[in-house]
Amino acid sequence: MQAFEATNYYFDQAARRLDLSENIRTLLMTPDREVRVEVAIELDSGKIGNFIGYRVQHDNARGPYKGGLRYHPAVDQDEARSLASLMTWKTAVVDLPFGGAKGGVNCDPTKLSRGELERLTRKFIEKIHDMIGPDKDIPAPDMGTDAQVMAWIMNEYGKYEGFQPACVTGKPVEFHGSAGREAATGFGLAIVTREMLGRSNRTVAGTTFAIQGYGNVGSFTARFLGQMGGKIVAVSDAYGAIVNPEGLDLAELDRHVSVSHKVVGYKGGDAATNEQLLTMSVDVLIPAALGGVFDRDLARAVQAGLIVEAANGPTWPEADEVFVERGIPVVPDVLANAGGVVVSYFEWVQNLQHFRWPIEQVQREEERRLVDAFREIHDLAERKSVSLRTAAFMKAISRVGRAKILGGI
Ligand code: GLU
């Protein structure tokens, strides 16, 4: 099964319960537009680097297409399609006036110099500038891209269309970005986790967490959960995991990571494998790395009591079925990690109004939106006796379907 099929499986599970006609289902599943471009640049060595870039615009019934750009060796058309579709449902789950898109460039950004990354970004935007823009399609950071890449995008786009800071979100704060955007996904994750634990009269304080992935999302999630009194007992990255049943000292760990750029080697914990982290006995397991982590066998081996999906698409449908059978609740990606795009929306609004919000306002509004969305989805799941994922897709499909009907096809 490929990633887009997996997303459509989840879509179908919800669509069946909504009694959607076959035509409407096809209409909602099919991406509006898919673009594949060659991104050729001169490498520092003087050779030509040939890269392939993608942008998939899935649906814009509720507003301009919205979604990140990923620089990673696994980027391809199918992945972009799957993630674009997830963005349509994600923006609808948190009721933002956006549709869904995703894209990226197939490359290994860790092997490119800063100059090469800048040339790659500018060339990619040169190729797709006519399909993006503040009212058309607004990119943002995703795996392998950051605020600097977004700044280059804004600058490159401006060469064609003039000063339009709202053409991209996740920019540096001192370059038309929003306070709180960098931390937004991790902050949101912590809020949603707190709400979920609260439903069984538990608190973050005193709860143990294992986090797979210590990039932007994983590290901010750890920080906010730690601030709420949570005990982070294991974290990992592409090189391996570290575990400390007493709880990791996050400030020390961050100092270590800032020097060695990996979590392994940190002295305040024991080394472990990613597999050990994913199957350890812990209250909450948070996959915050690549998609497609949980297959059937791994799902059977998981010992956590709750899974909160920080990554996009970490759970294959076969694993999702096992989690449902085993009664392990999963807070799905489209709800759990929506804090990033929520604050992207605030950044877009601020850019359009040329007005800046203080961090307190950003976090207050982000929290309110996520708490409301969580309550809606959780209540729907209970009312209909379905999983949180199916409830989230049901809510999103209804909203997107309604917009399509109101706007006319
Ligand atoms: N890439 C992030 C996501 O998958 C953020 C998208 C955005 O802010 O547009 O949700």
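The first residue of the sequence shown is numbered 1, and numbering continues consecutively from there.
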Novice: Kindly say whether Val330 contributes a backbone atom to a donor-acceptor pair with the side chain of Glu309 at under 3.5 angstrom?
Specialist: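 Not at all, since once roles are kept as given, no pair shorter than 3.5 Å links the two residues.
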
Novice: Using only atom types and a distance under 3.5 Å, with no angle test, would you say the side chain of His256 pairs donor to acceptor with the backbone of Val264?
Specialist: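 Checking the backbone N and O of Val264 against the side chain of His256, a donor-acceptor pair under 3.5 Å is found.
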
Novice: Counting N and O atoms only, with roles assigned by atom type, does the side chain of Arg194 sit under 3.5 Å from a partner on the main chain of Leu225, one being a donor and the other an acceptor?
Specialist: no

Novice: Look at Lys231 together with Asp283 and state whether they make a salt bridge at an N to O cut-off of under 4.0 Å.
Specialist: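 No.
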
Novice: Where is the tightest heavy-atom contact between Ser85 and Thr7, given as atom of each residue plus distance?
Specialist: OG-CG2, 3.5 Å

Novice: Give a yes or no on whether the backbone of Met29 and the side-chain of His58 come within a donor-acceptor separation of less than 3.5 Å.
Specialist: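 Answer holds: yes.
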
Novice: Can you see which heavy atom on Arg389 is nearest to which on Asp320, and at what distance?
Specialist: NH2-OD1, 2.9 Å

Novice: For the CD atom on Glu182, are there more than 12 heavy atoms of other groups (residues, nucleotides or ligands in this structure) within a distance under 6.0 Å?
Specialist: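 It does not: Glu182 CD has 12 such atoms or fewer within range.
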
Novice: Taking Thr208 for its side chain and Val282 for its backbone only, find out whether a donor-acceptor pair lies under 3.5 Å.
Specialist: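 Side chain of Thr208 to backbone of Val282: no pair is present.
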
Novice: Near Gln227 CD, under 6.0 Å, is it more than 12 heavy atoms from other residues, nucleotides or ligands?
Specialist: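 Result for CD/Gln227: enclosed.
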
Novice: Could you tell me whether Arg199 and Asp379 have a side-chain N and a carboxylate O separated by less than 4.0 Å?
Specialist: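 A salt bridge is present here (some side-chain N lies under 4.0 Å from a carboxylate O).
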
Novice: Would Phe393 and Phe11 count as a ring pair (Phe, Tyr, Trp, His ring centres under 6.0 Å) if you check the C-alpha gap in whole Å, the side-chain angles of each, and the deciding distance to 0.1 Å?
Specialist: CA-CA 6 Å; Phe393 271 78; Phe11 172 93; 7.2 Å; no

Novice: Checking the side chain of Glu42 only, and the main-chain atoms of Ile48 only, is there a donor and an acceptor separated by less than 3.5 Å?
Specialist: no

Novice: So with a 6.0 Å cut-off around OH of Tyr160, is the heavy-atom count from everything else above 12?
Specialist: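 Counting neighbours around OH of Tyr160, more than 12 heavy atoms of other residues, nucleotides or ligands fall under 6.0 Å, so yes.
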
Novice: Any salt bridge between Arg368 and Glu365, counting N to O under 4.0 Å?
Specialist: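 A salt bridge is present here (some side-chain N lies under 4.0 Å from a carboxylate O).
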
Novice: Between Arg375 and Leu370, is there a donor-acceptor pair closer than 3.5 Å when you use the side chain of the first and the backbone of the second?
Specialist: no

Novice: I'd like to know if the side chain of Ser82 reaches the main chain of Asp78, judged simply by a donor and an acceptor atom lying under 3.5 Å from each other, with no hydrogens or angles considered.
Specialist: no

Novice: Would you call Asp372-Arg369 a salt bridge at under 4.0 Å N-O?
Specialist: no

Novice: What do the steps show when you test Thr169 against Met150 for side chain to side chain contact (heavy atoms under 4.5 Å, CB included), and what is the final call?
Specialist: CA-CA 7 Å; Thr169 58; Met150 302 305 120; over 6 Å; no

Novice: Is a side-chain donor or acceptor of Glu161 paired with a backbone partner of Gly133 at a separation under 3.5 angstrom?
Specialist: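 Pair absent, no side-chain N/O of Glu161 close to backbone of Gly133.
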
Novice: More than 12 heavy atoms of other residues, nucleotides or ligands under 6.0 Å from NZ of Lys384: yes or no?
Specialist: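 No, because the 6.0 Å sphere around NZ of Lys384 holds 12 heavy atoms or fewer from other groups.
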
Novice: Are the side chain of Lys90 and the backbone of Leu335 linked by a donor-acceptor contact shorter than 3.5 Å?
Specialist: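 Side chain of Lys90 to backbone of Leu335: no pair is present.
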
Novice: Does atom CZ (Phe355) have a neighbourhood of more than 12 heavy atoms from anything else shown, all under 6.0 Å?
Specialist: no

Novice: Given Glu156, which of Lys123, Arg122, His129 fulfils the side chain to side chain donor-acceptor pair (under 3.5 Å) condition?
Specialist: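 Output: one option passes, namely Arg122.
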
Novice: Provide the closest heavy-atom pair for Tyr71 versus Leu120 in the form atom of the first, atom of the second, distance.
Specialist: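 So the minimum-distance heavy-atom pair works out to CE1-CD2, 3.9 Å.
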
